[in-house]
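To start, the structure under review is shown below, and the notes come after it.
For this chain, numbers begin at 1 and follow the sequence in order.
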Amino acid sequence: MREGARQGTREGSGTDAIDPGPGPAGGPGRGRNRPAPVDVVLPCLDEAAALPWVLARIPDGWRAIVVDNGSTDGSAEIARGLGATVVHEPRRGFGAACHAGLLAAEADIVCFCDCDASLDPALLEPFVRAVRDGESDLVLGRRRPQGRGAWPPHARAGNLVLARMLRRRTGLRLHDLGPLRAARRAALLGLDLTDRRSGYPLQMVVRAADAGWRVAERDVPYRPRTGRSKVTGTWRGTWHAVRDMRSVLNQPRLTAPVPETVTR
């Protein structure tokens with residue numbers, strides 16, 4: 001049975017409507033009296049063509065939280081019709097959308113995934129196991145391009161530069177700062193993330209490293225996205241993203257609580 005729309009407030013952005021969607025049995029937004037074990041945050045800006053495939057790949061029992069960031073192609077309606085919880089974030093920015101989804105999440109473990117069909121959310125299952133079993137505090141997907149055009153040269157070059165800068169700043173020997181990731185919700189909130197643009201994913205990793213988190217990386221296939229990238233589709237977009245992330249690397253060190261380890 002469909003729940004009524006809830007209202008959630010967030011700092012500096014007023015009130016945002018949160019619609020849990022119709023929640024078909026076994027679907028990404030299925031009705032329940034308790035939180036799903038895992039919430040998957042999917043920042044979305046005009047991804048109508050990709051949404052059906054992405055939402056169909058959400059593992060059974062998990063909840064999909066589609067954060068609509070000002071779409072004009074009916075993305076929110078499509079996501080809602082497919083059973084996802086839809087959050088409306090009026091402030092444009094990848095970080096704004098991701099953080100709105102994190103604030104709307106209720107599960108113990110929260111995952112993030114792009115909504116453009118370049119990454120398969122089903123690949124998050126081993127990420128979640130590693131976090132749940134106490135092997136890692138934050139698991140990231142290292143993108144491995146599949147097919148021509150999956151990862152344009154300028155975007156790959158920008159990612160390489162950032163990975164090297166991150167290594168100098170934190171000592172983490174990561175190869176990618178991709179969007180596919182998993183961690184505990186309470187611990188993520190404890191990082192007090194403030195970036196609301198392209199620097200959000202990097203700030204998450206930097207602050208996690210400063211707090212002594214165990215950060216792991218797993219290879220994942222990376223396919224050509226559906227539609228055109230809003231951030232790294234051009235050299236100019238890539239440059240702006242690198243500039244945003246460079247400012248994150250120059251921020252002073254902060255610490256946050258290390259996530260509690262749960263062993264089973």
When rounded to the nearest 0.5 angstrom, what distance separates [atom1] in [X] from [atom2] in [Y]?
X	Y	atom1	atom2	answer
D137	L188	CG	CG	10.0 Å
D68	R80	CG	CZ	8.5 Å
N69	H88	CG	NE2	11.5 Å
F112	L124	CZ	CG	11.0 Å
I78	D73	CD1	CG	6.5 Å
R57	L123	CZ	CG	7.5 Å

Residues at least two apart in sequence or cross-chain that pass side-chain hydrogen bond (donor to acceptor under 3.5 Å, both in side chains) with Q251, listed by chain then number, are Q203
In chain order, what residues pass the side-chain hydrogen bond (donor to acceptor under 3.5 Å, both in side chains) check against T170, with sequence neighbours excluded?
none
Are R169 and D210 within salt-bridge range, i.e. N to O under 4.0 Å?
yes
Lys/Arg-Asp/Glu bridge criterion (N-O < 4.0 Å) met for D108, R184
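Salt bridge: yes.
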Looking at R167, I want to see if its CZ is surrounded by more than 12 non-hydrogen atoms of other residues, nucleotides or ligands under 6.0 Å.
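More than 12 within 6.0 Å, yes.
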Taking L177 as the starting point, is it possible to reach V161 by hopping between hydrophobic residues whose side chains are less than 4.5 Å apart?
yes
Contacts of D219 meeting side-chain contact (heavy atoms from CB on, under 4.5 Å) (sequence neighbours excluded), chain-then-number -> R142, R144
